[in-house]
Protein chains: 2
Amino acid sequence: MVNLLNMRSTTSGGSSNRGPVPPEDLTTRARIRDTAIRLFGRAGFGVGVRAIATEAGVSPALVVHHFGSKDGLREECDRYVLRVVREAKSAAVETEESGAHLLSMLAMVGDYEPTAAYIIRSLAVGGDLANQFFDQMARDAEEYLAAGVEAGIIPPSRNPAARARFLTLTGVGMLLLETNLRGPDADIGEVFRDFAAWSTLPSLEVYTEGLFANRTFLDSYLAAFPVEGDQPATGDGDDQGNGAG
Amino acid sequence: MVNLLNMRSTTSGGSSNRGPVPPEDLTTRARIRDTAIRLFGRAGFGVGVRAIATEAGVSPALVVHHFGSKDGLREECDRYVLRVVREAKSAAVETEESGAHLLSMLAMVGDYEPTAAYIIRSLAVGGDLANQFFDQMARDAEEYLAAGVEAGIIPPSRNPAARARFLTLTGVGMLLLETNLRGPDADIGEVFRDFAAWSTLPSLEVYTEGLFANRTFLDSYLAAFPVEGDQPATGDGDDQGNGAG
DNA sequence: CAGCAGGTTAACCATGTGTTCAGCCTCGGC
DNA sequence: GCCGAGGCTGAACACATGGTTAACCTGCTG
């Protein structure tokens, strides 16, 4: 929910063919990979090699022939998904200049549904792809937040890196949990749309009006654990941005 | 992170023997159940009946003899975990009068580590227990928030139920994601403690200073999608609390 | 044409899974 | 003593899994 409402006309607009890959005429290897991503995303990483092979119209032996093992296939899927995300993101940056963050992802989910489902499943089980994906999002969030602070629409933080990580963990985590709670059969796109619909108001409320009416909690914490950069609420700090981990 | 810092001396204090069950001398059936909870929590629900049986010092056939099947064992574990949580919660309510919420859970994790791990694993895979547990937390959060609003330390919401659900989803989701990202071998207690350490400052910042410096985002949303209860920011509303789902 | 490399497959293997079966052993009631 | 009920077990079964092997087929190069 970072930079919410910061996008331009996401819900409407052409959901034409901007998916990750051209639809057909793929090499068999690519077709196996894509069906694996689709199946992994739909049913989790417990799906068998046979199921993937059948769905791809191919023999089970062929998938291990191409990818060495099921783990090899999994790794290739990870690499490919990460590549798709990176390309989609840079494309989005080109078109809308550091636009929406999580919410634009939500909107793009219609086109990248298998990819999104795969990422969710990956986040639900941990591992390398999950960490890389999350770190990337956290770094991006830190940049967006810094830009917002620069523009004066976001108050500065005593620890920008920690705030970025916190907000990313929050946003991605709630998406993950909501998806899990909906059960394994619900399709990601619908879950995300419903979620965006009901969660927008409370998130805007909390992020603009806050949750604590006074500063006692924060102040008492700061009294107990002082922070080097001093209080940024007054706004007279010299150099802000003590990026820590 | 609801009602943060609202507890009394959680970090210190006696972590004596207030675990869910007396340590030994359990019936074999109970011992199998406990071992299953521990193993499910540690390694996920993929662990085999044989592993559980071995760990419990019993034959694989006995566990199915007692519980009918692996699913039966799983259901019994769910029921028991839910019962333990309910009892622990009512005990906590008795002792500290609607005290901390998520943070107290974090502090109690030392005593209930297997239970907590089981719940996390359950949330990561969805299902009945996950939904019941989450709904219960969301309801509790709504009560706590209402109490805070009543006391004047929390600003009112245009949709208290949605805000409670949003915050619960946020808090539990980030815990879930953080645990997943740490990998399957990290022990829950350490993960939770680390998490509480670094996330307290940013969460306090965001929840007291907000994330948006001005009201434009919220106001433009309210202009586009008006809410019945009108603006609670002015504070002159007649009857607040239009609980919706 | 031969020959070869690579995509592709059916059959098979080893392993691990949940579950069943027949029977053991022990304890309490008659 | 007997006998049955129930906790309990070792061995096995049926099944699904990931992976291997030998061969097939196709298309290309010489």
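Here is the naming used below: chain letters follow the sequence lines, and residue numbers restart at 1 for every chain.
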Apply side chain to side chain contact (heavy atoms under 4.5 Å, CB included) to residues B:Glu178 and B:Val191 and explain how you reach the verdict. CA-CA 8 Å; B:Glu178 175 82 358; B:Val191 170; 3.9 Å; yes

List the steps and the verdict of ring pair (Phe, Tyr, Trp, His ring centres under 6.0 Å) for A:Phe195 and B:Phe166. CA-CA 10 Å; A:Phe195 172 76; B:Phe166 170 80; 7.7 Å; no

Spacing between A:Leu73 atom CG and D:dT17 atom C1', to the nearest angstrom: 15 Å

Calculate the interatomic distance between A:Ile52 atom CD1 and D:dG19 atom C1'; express it in whole Å. 14 Å

Nucleotide D:dC25, atom P - distance to CG of A:Leu62 in whole Å: 17 Å

Stepwise side chain to side chain contact (heavy atoms under 4.5 Å, CB included) test for A:Leu123 and A:Val172: CA-CA 9 Å; A:Leu123 289 171; A:Val172 178; 3.5 Å; yes

Roughly how many Å is it from CZ in A:Phe67 to C1' in D:dG18, rounded to a whole number? 15 Å

Which atom pairs link the protein and nucleotides 18-21 of chain C when you take only N or O atoms and keep those under 3.5 Å?
| residue | atom | partner | partner atom | Å |
| --- | --- | --- | --- | --- |
| C:dG18 | OP1 | B:Lys70 | NZ | 2.8 |
| C:dG18 | OP2 | B:Val49 | N | 2.8 |
| C:dG18 | N7 | B:Arg50 | NH1 | 2.8 |
| C:dG18 | O6 | B:Arg50 | NH2 | 2.8 |
| C:dT19 | OP2 | B:Lys70 | N | 2.7 |

Side-chain N,O (A:His66) to OP1/OP2 (C:dT8) below 4.0 Å: yes

With a 6.0 Å cut-off on the ring centroids, do A:Tyr80 and A:Tyr118 count as close? no

Within a strict 4.5 Å, meaning less than it, do heavy atoms of the A:Asn180 and B:Leu176 side chains meet? yes

Check: residues 36-43 of chain A side-chain donor-acceptor pairs under 3.5 Å, at least two apart:
| residue | atom | partner | partner atom | Å |
| --- | --- | --- | --- | --- |
| A:Arg38 | NH2 | A:Glu55 | OE2 | 3.2 |

A:Arg74 CZ - D:dG18 P separation (whole Å): 13 Å

